2 protein chains.
Amino acid sequence: MVRRTKEQALATRELLLDTAQQVFLEKGVARATLDDIARAAKVTRGAIYWHFRNKAELFAAMCDRVSLPMQAMLDPLMRETGPDPLGRLKRTTIMVLQLAAEDPRARDVFEIMFFKCDAGNPEIASVLSAEADNKRQCIKELKDSLDAAIAAGQLPAALDSGLAAEALNAFVAGLLQNWLARRDFDLAAQAPVLVDMLFQGFAGLTQTKRPPPSLA
Amino acid sequence: MVRRTKEQALATRELLLDTAQQVFLEKGVARATLDDIARAAKVTRGAIYWHFRNKAELFAAMCDRVSLPMQAMLDPLMRETGPDPLGRLKRTTIMVLQLAAEDPRARDVFEIMFFKCDAGNPEIASVLSAEADNKRQCIKELKDSLDAAIAAGQLPAALDSGLAAEALNAFVAGLLQNWLARRDFDLAAQAPVLVDMLFQGFAGLTQTKRPPPSLA
DNA sequence: TTAGATACATACACGCATGTTTGTAAATCG
DNA sequence: CGATTTACAAACATGCGTGTATGTATCTAA
């Protein structure tokens, strides 16, 4: 058939990613056929095999389209140094939850990664384990932020920052997972209160001086 | 071949469940072939098709073998009424984490349900959605417990018990998920401290009277 | 004791998803 | 303006997993 111009080709690539996302969400990654995706996108499998080597690479590209921008968005926020490390960490945490809940693409991809794909296919497993490495790194940065907050007197020195980092990450992951599975509460709206609950726990018995209340 | 007695048949059924669990863990539910399982169990697919209608039913039976006993264990604990509802809730929460971390069967099945199966197969999805209903019910019971703790003066009345129940459930789920994915900290040992973090947050600014410190 | 049910093993048929190969028209480049 | 590459479509080949049907030796009950 008609050969497309470069921009048109890029457009069909995006179309394929969009369509794959949609089909993966409906049928799950394992049962979603490349032909399912091709037909939904009104092309043939030839188009898919032109842009991607196989289903796993298509899946990986779909994930990257969410995780890479998100990483790029979070990185500067985490490295930013200032007088209110605890407030920054809290606001960033809330932002992540709200972004994941409100951005349709991020929301759907997270739902796919949580519920609609298994680690059976080794190439898919490698994508997931890369994501796990991300998490590991993320937890380290969380610990650094918490240490900074301790140093600034915003959290008690008795707090185990490593454990607290695990707790915070688990809390966010769990909230996202539960909300995606049931959607019976307003995650974006309640995120500040929810995050506050755990941060209150970090502060613990030993109440220390507080920064001015953040409006987030 | 030789026909087995009833007990022998039940034994092969258990063997099939054990083996399926193992194979599912290695290859994922979708890529695990019934023949894989049969060969690992040193039988043929005929044995599997005799005891189960298909892979989905085998999967469901494997899940039930963990979730049913666990439910039976938790139910009386949650219904139990006493003078220290907060302590009971906290101890139960810790118990769930420790059980999931230390019981090999529960641990593996949770890992399968979290990471090694997708909701593509509709019959498998129904098992997972049944699990989601369980969670819904669980959250209601958590809210009841929290309300009881508020009534007993162990938590501030200002606490949104519904949200706190969501938070607690998400926290537990997230901890389990993160620990299963990376296994880089001692969940069973740290469970008390971790759970305390969130419960401290529930107590919040308004410190109220406390029950005698639980030894858990 | 024997007739039937049980607990599998074995064999068969089938669709279906994948990967690859070939075809082709238009775009791009020299 | 021609040659080559691009961006797919179409056709081909193949394996693989499932479900089912059939065989069969033992257990069980009357």
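So that the names make sense, note that chain A is the first sequence line, chain B the second, and so on, each numbered from 1. Keep in mind that this is a model prediction, so the values were computed, not measured.
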Of the candidate nucleotides C:dA9, D:dT20, C:dA27, which contains the atom at the shortest distance from the side chain of B:Val43?
C:dA9

Roughly how many Å is it from CD1 in A:Ile48 to P in C:dT18, rounded to a whole number?
9 Å

Report the distance from atom NZ of B:Lys42 to atom P of C:dA9, rounded to the nearest whole Å.
13 Å

Tell me the interatomic distance from B:Trp50, atom CH2, to C:dT10, atom P, rounded to whole angstroms.
17 Å

Check every atom of D:dT18, D:dA7, C:dT18 against the side chain of A:Arg4 and return the nucleotide holding the closest atom.
D:dA7

Ionic contact status for A:Asp18 with A:Arg13, cut-off 4.0 Å:
no

Could you tell me whether A:Arg182 and B:Glu166 make a salt bridge, using a distance below 4.0 angstrom between a side-chain N and a carboxylate O?
yes

Among D:dA11, D:dA10, D:dC27, find the nucleotide with the atom closest to the side chain of A:Arg45.
D:dA11

So if I take every side-chain heavy atom of B:Tyr49 and compare against D:dG19, C:dG19, C:dA27, which nucleotide ends up nearest?
D:dG19

For A:Arg105, is there an ion pair with A:Asp103 - N to carboxylate O distance below 4.0 angstrom?
no

Whole-Å distance, A:Leu10 CG to C:dT28 P, equals 13 Å

Which nucleotide wins on minimum distance to the side chain of B:Leu34, given the candidates D:dT18, C:dG19, D:dC8?
D:dT18

Does B:Lys6 have a side-chain nitrogen or oxygen under 4.0 Å from the phosphate oxygens OP1 or OP2 of D:dT28?
no

Give the nucleotide from the list C:dA9, D:dC27, D:dA7 with an atom nearest to the side chain of B:Thr44.
C:dA9

In whole angstrom, what separates A:Leu58's CG from C:dG19's P?
12 Å

Please figure out whether A:Gly46 or B:Gly46 has its closest DNA chain C nucleotide nearer the 5' end.
B:Gly46

Rounded off to whole Å, could you give me the CG-to-C1' distance for the A:Asn121 and C:dG19 pair?
14 Å

Do B:Asp144 and B:Lys140 meet the salt-bridge criterion of a basic N to acidic O distance under 4.0 Å?
no

A:His51 side-chain N/O to D:dA7 phosphate OP1/OP2 under 4.0 Å
no

Does C:dC16 have OP1 or OP2 sitting under 4.0 Å from an N or O in the side chain of A:Thr33?
no

For A:Gln8 and D:dA7, what is the distance between atoms CD and C1' respectively, to the nearest whole Å?
10 Å

Side-chain heavy atoms of A:Ile124 within contact of A:Val29, under 4.5 Å
yes

Under 4.0 angstrom between B:Thr5 side-chain N/O and D:dT26 OP1 or OP2
no

In whole angstroms, the gap separating P of C:dC12 from CG of B:Asp35 amounts to 16 Å

